[in-house]
Enquirer: 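Before we start, here is the structure in question, set down as structure tokens.
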Amino acid sequence: QALFQLLPGACPSRTATKISKITVVGVGNVGMACAQTILTQNLADELALVDVDPEKLRGEMLDLQHAAAFLPRAKIIANTDYKVSEGSDICIVSAGARQRDGESRLALVQRNVAVFKSIIPQLVKYSPAAILLIISNPVDALTYVAWKLSGFPSNRVFGSGTNLDSSRFRGLLADRLDVSAHNVHGYVIGEHGDSSVPVWSTLNIGGVPIIEFLKSMGIPYSQSTLDELHKMVIGGAYEVIKLKGYTSWAIGYSVASLVKSLLRDQRCIHPVSVCAKGFHGIKDEVYLSLPAQLGYTGVMGVLNLPLTDEEREKLQQSAKTLAEVQAELDI
Ligand SMILES: NC(=O)c1ccc[n+]([C@@H]2O[C@H](COP(=O)([O-])OP(=O)(O)OC[C@H]3O[C@@H](n4cnc5c(N)ncnc54)[C@H](O)[C@@H]3O)[C@@H](O)[C@H]2O)c1
Ligand SMILES: O=C1N[C@](c2ccsc2)(c2cccc(Nc3ccc(F)cc3)n2)CC(O)=C1Sc1ccccc1Cl
């Protein structure tokens, strides 16, 4: 006897018309944190995992498949062959070599260019209409490399950039001010990591400019207070590395928020690494983080965020540094 007695008109073989497929390349700490948040938040009907390590790949796939009873239904597949990624809407790249002790940023980029040359053309071959979301570091330079290698329009190639930096910044302020991080409206822009630029001039708490908010709370402040907060964002990354050897959960949740804006066409504004040429006087083809609107087609637009002369100068300096690094690359 059949397991189910079908009702008139039922057609079990017919599936949803819009299948959202996401590929994660690099099943390390970051890649698996992204996979986990994407599955938990029901963002993919199909999740493909790719890596060069076949055993780790199969292990991670099986381990996720074993959670099926606790997750929304999703097809989880994995292979070292990029054919498994065919027809992806979004390809997330967290694969790459990690910085060796004493290794320069340029040397790290050059090593990861070689890694990207083995990844990006394969993703393009099987998913020519996909959006590429780059996480691997140095994320701004590698997002530029991915853009050049892919031949995609720049709106379909972006990096997580200062999305994590901004999340830490907002979280720290939220804790200090005893308010939800969702009401701390502020951006860290520019180059991801140590040289990022906190935008104080438009930072506000629920619409109240930060300086007014601190005054109203009777909280003493000075520029050094604000600068100290930015140093804590950077220090936070190093503290996590010192304590657990890598970072994963925060970047995993930040990537899920970006994926949701893309696949659900939310048109939310996120600080992410975009082609910054033409914004804030930047003349070079570099990727830097600016507040960008994300929707189903990718980066839909970049917010013309007012900046002080000092903030603009810092951004332009980062653009110059990145352009110099990029000029040395063999892409
Ligand atoms: N942008 C951010 O905010 C942010 C935050 C945290 C980490 N990261 C970066 O994410 C990257 C990954 O970090 P992690 O901790 O997951 O590293 P990891 O070493 O744990 O994982 C890297 C994975 O990439 C795979 N890999 C290496 N070469 C490959 C190739 N050619 N093709 C496919 N897969 C390949 C490895 O097998 C490994 O599984 C690093 O560059 C790290 O700096 C970025
Ligand atoms: O949370 C992290 N963890 C990493 C990490 C994860 C696994 S191994 C290193 C981290 C942690 C600490 C320093 C650091 N430096 C760095 C090295 C090379 C790059 F290309 C970029 C950054 N990177 C990678 C990374 O980008 C982050 S965010 C981050 C880093 C430095 C300053 C501010 C922030 Cl918000």
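As the structure lists them, so they are numbered: ligands from 1, and atoms in each ligand from 1.
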Enquirer: Is there at least one pair of N or O atoms, one from Asp53 and one from ligand 1, spaced under 3.5 Å apart?
Expert: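 Asp53 vs ligand 1: no N/O contact under 3.5 Å.
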
Enquirer: With heavy atoms of Asn29 as the reference, note each atom of ligand 1 found under 4.0 Å away.
Expert: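 Answer, ordered by atom number: 14 (P), 15 (O), 16 (O), 20 (O).
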
Enquirer: State whether the number of non-hydrogen atoms from other residues, nucleotides or ligands found under 6.0 Å of Lys283 atom NZ is greater than 12.
Expert: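 At most 12 heavy atoms, drawn from other residues, nucleotides or ligands, come within 6.0 Å of this atom.
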
Enquirer: Before signing off on this row, confirm whether Ile251 and ligand 1 have an N or O atom pair separated by under 3.5 Å.
Expert: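 No, no N or O pair falls under 3.5 Å.
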
Enquirer: Please determine, by modelled atom types, if Ser88 and Thr23 share a side-chain donor-acceptor pair under 3.5 angstrom.
Expert: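 Yes - a donor-acceptor pair under 3.5 Å links their side chains.
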
Enquirer: Below a 4.0 angstrom heavy-atom separation, can you tell me which part of Asn112, side chain or backbone, both or neither, approaches ligand 1?
Expert: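 Within the 4.0 Å criterion, Asn112 makes no contact with ligand 1.
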
Enquirer: At what distance is the nearest protein heavy atom to atom 21 (O) of ligand 1, and which residue and atom is it?
Expert: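 Closest protein heavy atom to atom 21 (O) of ligand 1: Gly28 CA, 3.3 Å.
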
Enquirer: Give the atom numbers and elements of ligand 1 that come within less than 4.0 Å of a heavy atom of Ser160.
Expert: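 With Ser160 as reference, the close atoms of ligand 1 come out as 1 (N), 2 (C).
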
Enquirer: Is there a polar contact, in the sense of an N or O pair closer than 3.5 Å, between Asn137 and ligand 1?
Expert: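 Right, the criterion is met.
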
Enquirer: For atom 38 (C) of ligand 1, what's the nearest protein heavy atom and its distance?
Expert: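 Closest protein heavy atom to atom 38 (C) of ligand 1: Asp51 OD2, 3.6 Å.
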
Enquirer: Are any non-hydrogen side-chain atoms of Ile210 and Ile205 less than 4.5 angstrom apart?
Expert: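 Ile210 reaches Ile205 side chain to side chain.
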
Enquirer: Should Ser94 be counted as touching ligand 1, given the test is an N or O pair under 3.5 Å?
Expert: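 So ligand 1 has no N or O lying under 3.5 Å from an N or O of Ser94.
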
Enquirer: Can you figure out which of Thr162, Ile134, Val52 has its heavy atom closest to atom 29 (C) of ligand 1?
Expert: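 Of the listed residues, Val52 has the closest heavy atom.
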
Enquirer: Among Arg176, Glu239, Arg168, which one satisfies side-chain contact (heavy atoms from CB on, under 4.5 Å) with Met232?
Expert: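 With Met232 as partner, Arg176, Glu239, Arg168 yield a single side-chain contact (heavy atoms from CB on, under 4.5 Å), made by Arg176.
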
Enquirer: Show me which atoms of ligand 1 lie under 4.0 Å from any heavy atom of Ala95.
Expert: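 Listed by number with element: 24 (O), 26 (N), 33 (C), 34 (N), 35 (C).
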
Enquirer: Any idea which atoms of ligand 1 are less than 4.0 Å away from a heavy-atom of Thr247?
Expert: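 Near Thr247, the atoms of ligand 1 are 6 (C).
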
Enquirer: In terms of heavy-atom contacts, does CD of Glu310 have more than 12 from other residues, nucleotides or ligands at under 6.0 Å?
Expert: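 No, because the 6.0 Å sphere around CD of Glu310 holds 12 heavy atoms or fewer from other groups.
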
Enquirer: Nearest 0.5 angstrom please: Thr37 OG1 to Leu43 CG, how far?
Expert: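 Interatomic distance, Thr37 OG1 to Leu43 CG, rounded to 0.5 Å: 7.5 Å.
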
Enquirer: Near His66 NE2, under 6.0 Å, is it more than 12 heavy atoms from other residues, nucleotides or ligands?
Expert: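 Check passes, neighbour count above 12.
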
Enquirer: Which of the atoms of ligand 1 are close to Ser118, meaning less than 4.0 Å from one of its heavy atoms?
Expert: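 This gives 31 (N) as the contact atoms.
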
Enquirer: Give me the residue, atom name and distance of the protein heavy atom closest to atom 27 (C) of ligand 1.
Expert: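 Atom 27 (C) of ligand 1 sits closest to the protein heavy atom Gly96 N, 3.9 Å.
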
Enquirer: Show your working on salt bridge (charged side-chain N to carboxylate O under 4.0 Å, His left out) between Arg105 and Asp140 and close with a plain yes or no.
Expert: CA-CA 11 Å; Arg105 192 65 59 91; Asp140 302 300; over 6 Å; no

Enquirer: Are Leu123 and Val50 close enough, and set up right, to give a side-chain contact (heavy atoms from CB on, under 4.5 Å), and what steps lead you there?
Expert: CA-CA 10 Å; Leu123 291 176; Val50 180; 5.8 Å; no

Enquirer: Using a strict 4.0 Å cut-off to heavy atoms of Arg98, name the atoms of ligand 1 that fall inside it.
Expert: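 Answer, ordered by atom number: 15 (O), 17 (O), 19 (O).
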
Enquirer: Quick check on the hydrophobic clustering: are Val109 and Val157 connected, directly or via other members, by side-chain heavy-atom contacts under 4.5 Å?
Expert: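 Yes, it is one cluster - the side chains of Val109 and Val157 are joined through contacts under 4.5 Å.
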
Enquirer: So, is Gly31 polar-close to ligand 1, with some N/O to N/O distance under 3.5 Å?
Expert: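 There is no such contact.
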
Enquirer: What protein heavy atom sits nearest atom 13 (O) of ligand 1, and how far off is it?
Expert: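 In this structure, atom 13 (O) of ligand 1 has Val30 CG2, 3.6 Å as its nearest protein heavy atom.
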
Enquirer: State whether a side-chain donor-acceptor pair under 3.5 Å links His192 with Ser160.
Expert: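 Side-chain D/A pair, His192 to Ser160: absent.
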
Enquirer: Does NZ in Lys75 sit with more than 12 non-hydrogen atoms of other residues, nucleotides or ligands closer than 6.0 Å?
Expert: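 Not buried by this count: 12 neighbours or fewer within 6.0 Å.
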
Enquirer: Measuring only between side-chain heavy atoms, which start at C-beta, is Phe279 closer than 4.5 Å to Leu288?
Expert: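 Phe279 does not reach Leu288 side chain to side chain.
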
Enquirer: Please state which part of Leu164 comes within less than 4.0 Å of ligand 1, counting heavy atoms only: side chain, backbone, both or neither.
Expert: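 For Leu164, the contact with ligand 1 is made by the side chain alone.
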
Enquirer: Do Phe152 and Val302 sit in the same hydrophobic cluster, where Ile, Leu, Val, Met, Phe, Trp and Tyr count as joined when their side-chain heavy atoms come under 4.5 Å apart?
Expert: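 No, Phe152 and Val302 fall in different hydrophobic clusters.
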
Enquirer: Which N/O atoms of ligand 2 sit under 3.5 Å from a protein N/O, and at what distances?
Expert:
from     : atom 1 : to     : atom 2 : distance (Å)
ligand 2 : 1 (O)  : Arg168 : NH1    : 3.1
ligand 2 : 1 (O)  : Arg168 : NH2    : 2.9
ligand 2 : 1 (O)  : Thr247 : OG1    : 3.2
ligand 2 : 3 (N)  : Thr247 : OG1    : 3.0
ligand 2 : 26 (O) : Asn137 : ND2    : 2.7
ligand 2 : 26 (O) : His192 : NE2    : 2.5

Enquirer: Between Glu311 and Ser201, do the side chains contain an N or O donor and an N or O acceptor separated by less than 3.5 Å?
Expert: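 Checked: Glu311/Ser201 side chains pair up, N/O donor to acceptor below 3.5 Å.
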
